[in-house]
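Take a look at the structure set out below.
Side chains are part of it too, since the values below use all heavy atoms of this structure and drop only hydrogens, waters and symmetry mates. Quick note on labels: first sequence line is chain A, next is B, and so on, each numbered from 1.
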2 protein chains.
Amino acid sequence: MTGRQTGQRTVAETARTSVSRLRSDGSSTDGTADAKRRYGNRPTMKDVAARAGVGLKTVSRVVNGEPGVTPDTERRVQEAIEALGFRRNDSARVLRKGRTASIGLVLEDLADPFYGPLSRAVEEVARAHGALLINGSSAEDPDREQELVLALCARRVDGLVIIPAADDHRYLEPEIAAGVATVFVDRPPGRIDADVVLSDSFGGARDGVAHLIAHGHRRIGFIGDQPRIHTAIERLRGYRAAMADAEIEVDESWVSLGPTDPERVRHAAEAMLTGASPVTAVFAGNNRVTVTVVRVIAARTRPVALVGFDDIELADLLSPGVTVVAQDAAQLGRTAAERLFRQLDGASDAPELIELPTRLITRGSGEVPPAG
Amino acid sequence: MTGRQTGQRTVAETARTSVSRLRSDGSSTDGTADAKRRYGNRPTMKDVAARAGVGLKTVSRVVNGEPGVTPDTERRVQEAIEALGFRRNDSARVLRKGRTASIGLVLEDLADPFYGPLSRAVEEVARAHGALLINGSSAEDPDREQELVLALCARRVDGLVIIPAADDHRYLEPEIAAGVATVFVDRPPGRIDADVVLSDSFGGARDGVAHLIAHGHRRIGFIGDQPRIHTAIERLRGYRAAMADAEIEVDESWVSLGPTDPERVRHAAEAMLTGASPVTAVFAGNNRVTVTVVRVIAARTRPVALVGFDDIELADLLSPGVTVVAQDAAQLGRTAAERLFRQLDGASDAPELIELPTRLITRGSGEVPPAG
DNA sequence: CTGAAAGCGCTAACAT
DNA sequence: ATGTTAGCGCTTTCAG
């Protein structure tokens with residue numbers, strides 16, 4: 001899906017898929033079940049109340065730890081709960097209470113190493129607020145994003161953290177008006193006002209490219225994501241700003257935006273490295289691009305300088321190490337989630353744009369001098 | 001959280017976190033809202049029915065695409081829906097229908113690159129079955145696992161995919177009896193029967209270690225995860241089997257199980273590389289271990305052979321490339337999720353153990369001859 | 001083709 | 001301290 005592991009040499013299957021039947025001696029179903037407890041028919045508070053010989057509300061009190069129950073009755077209720085295997089039905093609870101104590105996270109692809117830590121950070125904040133996280137991938141498809149978001153709204157999630165794929169979020173207006181807290185991360189929303197948490201793509205890219213220029217490069221390539229993605233545009237803008245600052249005219253054959261699959265990126269890199277005016281350095285617009293460009297460069301004899309946006313694991317162990325403009329995915333997620341819960345706690349500030357700094361981490365590839 | 005990027009050289013902040021107020025000209029709240037549509041009070045089918053001048057059930061029919069509605073009334077209902085910004089409340093629906101069309105996934109840490117693709121694969125299958133995914137991390141804590149699982153059961157998820165941290169899952173018996181479909185992945189459940197999907201940890205490790213032996217190594221170290229984790233034990237067992245096959249006696253100073261944080265692993269690796277009977281090769285029990293061992297080896301002058309369990313990105317670009325026993329995380333997730341939905345579709349097969357093969361991928365580090 | 005009534009399992013608001 | 005009643009918003013059932 002992310003096209004990793006292209007450069008494999010030898011592959012050997014060590015086993016076939018095997019399937020075995022497990023012991024099933026019936027030990028997993030104990031005989032203590034009440035008549036009511038047949039498949040798919042779970043005991044309710046009413047059942048517990050009947051069994052414990054108390055009223056419905058008393059059971060509710062015990063289950064929710066509300067005060068006003070004698071230790072003795074509490075014990076009887078607890079026993080009935082255990083015996084019946086009762087578990088409160090939160091769907092019913094939600095219906096009554098209005099809040100679901102769950103938030104939705106919509107991102108592009110959980111398999112992308114950039115989003116794992118982000119998602120995890122959102123989850124931790126949610127957990128700290130007693131909420132569950134419902135997760136969905138848009139696969140960078142605007143329609144799928146909308147479908148997902150609206151499905152989450154139908155579940156009445158209390159809030160949404162969205163890494164948008166679409167560029168028009170007016171479809172969210174009724175939801176936000178109805179009280180669904182919403183924060184966008186990594187990219188701004190389209191055509192609505194809402195909280196946004198971003199990395200400083202422009203500044204990061206500008207500094208990364210300036211770094212290459214400082215090391216003597218003038219013919220510098222830029223390979224980024226599709227132009228409808230905000231970060232791609234911002235990073236390209238940063239590239240152009242750095243070039244302009246150094247009074248270097250950009251040859252448009254040095255710039256390539258498009259999908260970040262290895263084939264496309266490889267092709268783009270090869271093209272700008274071999275054209276009429278070949279580049280001596282490349283700025284890679286995100287971690288997917290960087291990984292592929294590293295492979296392309298490794299396969300060439302003449303050295304090419306590289307700075308990538310996003311840190312990548314093991315970047316320091318390649319030779320040369322990969323110089324990157326790092327953003328803190330976890331911090332991005334944490335900040336967004338905290339902002340979300342602040343909304344849920346009733347803060348009604350105006351929408352804000354929070355921009356997180358990036359860090360230039362030099363490891364060697366960005367300090368390679370121009371060749372040729 | 002995963003302790004990546006230890007070997008950084010220079011770090012420069014490119015900006016401060018900045019916060020800006022967005023334009024908020026009130027353009028996001030259109031004036032067409034009905035009186036009912038105040039904050040947190042969403043229109044219901046009843047409201048739609050009233051506005052469209054039809055019965056409640058007719059609205060329900062339209063919303064759910066049920067037959068038996070005149071095109072004309074359907075249109076009137078649709079208009080009312082649009083005007084009111086109505087969105088069906090799935091909590092209420094669930095309460096009535098019994099099924100939530102959502103499944104839970106409990107894993108250790110979404111930030112671990114192994115689980116991203118797995119989670120994504122589960123999500124894709126869920127999506128194909130019209131279900132949403134609720135995600136939770138156990139952080140390798142048995143109590144937290146149970147808490148999470150039971151919270152998911154309270155939400156009445158239709159099914160659970162669990163990468164267990166606990167070793168006793170009897171707490172799930174009432175849930176499973178009540179009809180919650182359950183599949184374990186990556187590690188087997190404890191003390192209950194349930195479907196399991198595993199990689200062939202034993203066979204994979206045995207083959208990986210045998211590969212080192214075939215390249216002349218006899219003093220081979222094993223660094224794995226904590227002994228309460230099933231895969232750690234199985235891989236160690238594979239290691240011992242390979243050593244026994246070659247009639248090599250294992251010096252217990254060559255074996256180290258424990259947490260996989262960089263510090264612990266680094267210490268373990270250093271110890272076995274410098275002891276009285278130093279190893280010439282290391283088998284790393286999972287991707288976290290491999291990453292750290294690569295760093296340790298890179299910092300040494302004398303070459304050390306390495307085979308790691310789990311593939312890692314860019315493994316092919318290090319020098320030497322990292323030889324690994326690869327497992328297919330996405331396939332693991334896909335298989336488990338498909339099995340889950342088979343259960344939900346009514347298949348009542350006995351619990352099965354499905355074991356997926358691993359692949360040995362040789363890239364250089366496993367073919368380094370013994371030094372000294 | 002359409003709608004009124006009942007009730008899913010829970011909690012809020014009142015009794016007792 | 002405990003129980004009773006009335007919904008939450010929807011689908012199911014059954015009657016027009």
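For the pair B:Thr73 and C:dC1, the criterion of a side-chain N or O lying under 4.0 Å from OP1 or OP2 is not met. OP1 or OP2 of D:dT2 lies within a sub-4.0 Å distance of a side-chain N or O belonging to A:Thr70.
Residue B:Thr58 places its side chain closer to C:dG3 than to any other of D:dT11, C:dG3, D:dT4. Out of D:dT11, D:dA1, D:dG9, the shortest distance to the side chain of B:Thr44 is found at D:dG9. Which of D:dC8, D:dC10, D:dT2 sits closest to the side chain of B:Arg88 comes down to D:dC10.
To the nearest angstrom, P of C:dA5 lies 12 Å from CG of B:Leu56. If you take CE of A:Met45 and P of C:dG9, they are 12 Å apart, rounded to a whole angstrom. Look at NZ on A:Lys97: it is 14 Å from C1' on C:dA13, rounded to the nearest Å. One can place CD1 of B:Ile81 at 14 Å from C1' of D:dC10, the figure rounded to the nearest angstrom. Protein atom CG of A:Leu95 is 13 Å distant from nucleotide atom C1' of C:dA12, rounded to whole Å. For B:Asn64 and D:dT11, the CG to C1' distance is 8 Å, given to the nearest whole Å. Spacing between atom NZ of B:Lys57 and atom P of D:dA15 amounts to 16 Å, rounded to whole angstrom units. A straight line from CZ of A:Arg93 to P of D:dC8 spans 18 Å, rounded to a whole angstrom.
No contact: A:Val94 has no heavy atom under 4.0 Å from any strand.
Side-chain atoms of B:Asn64 never come within 3.5 Å of backbone atoms of B:Glu66 as a donor-acceptor pair (strictly under, hydrogens ignored).
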CA sep, side-chain torsions, deciding dist, call: A:Ser137, A:Asp109, side chain to side chain donor-acceptor pair (under 3.5 Å): CA-CA 5 Å; A:Ser137 298; A:Asp109 180 4; 4.9 Å; no

Steps toward side-chain contact (heavy atoms from CB on, under 4.5 Å) verdict (A:Arg156, B:Asp90): CA-CA 7 Å; A:Arg156 294 295 186 268; B:Asp90 277 356; over 6 Å; no

Worked verdict on B:Leu152 versus B:Glu175 for side-chain contact (heavy atoms from CB on, under 4.5 Å): CA-CA 11 Å; B:Leu152 292 166; B:Glu175 313 300 329; over 6 Å; no

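Each of B:Arg61 and B:Phe86 was assigned the nucleotide of DNA chain D with the nearest heavy atom; the assignment lying further toward the 5' end belongs to B:Phe86. Ranked by how close their nearest DNA chain D nucleotide is to the 5' end, A:Gly53 and B:Ser60 are led by A:Gly53. Closest-nucleotide positions on DNA chain C for B:Gly68 and B:Ala92 were compared, and the one nearer the 5' end corresponds to B:Gly68.
A donor-acceptor contact under 3.5 Å links the side chain of B:Arg96 to the base of C:dG7.
When each of B:Leu148, B:Val196, B:Leu107, B:Leu172 is paired with B:Ile162, the side-chain contact (heavy atoms from CB on, under 4.5 Å) condition holds for B:Leu172 and for no other.
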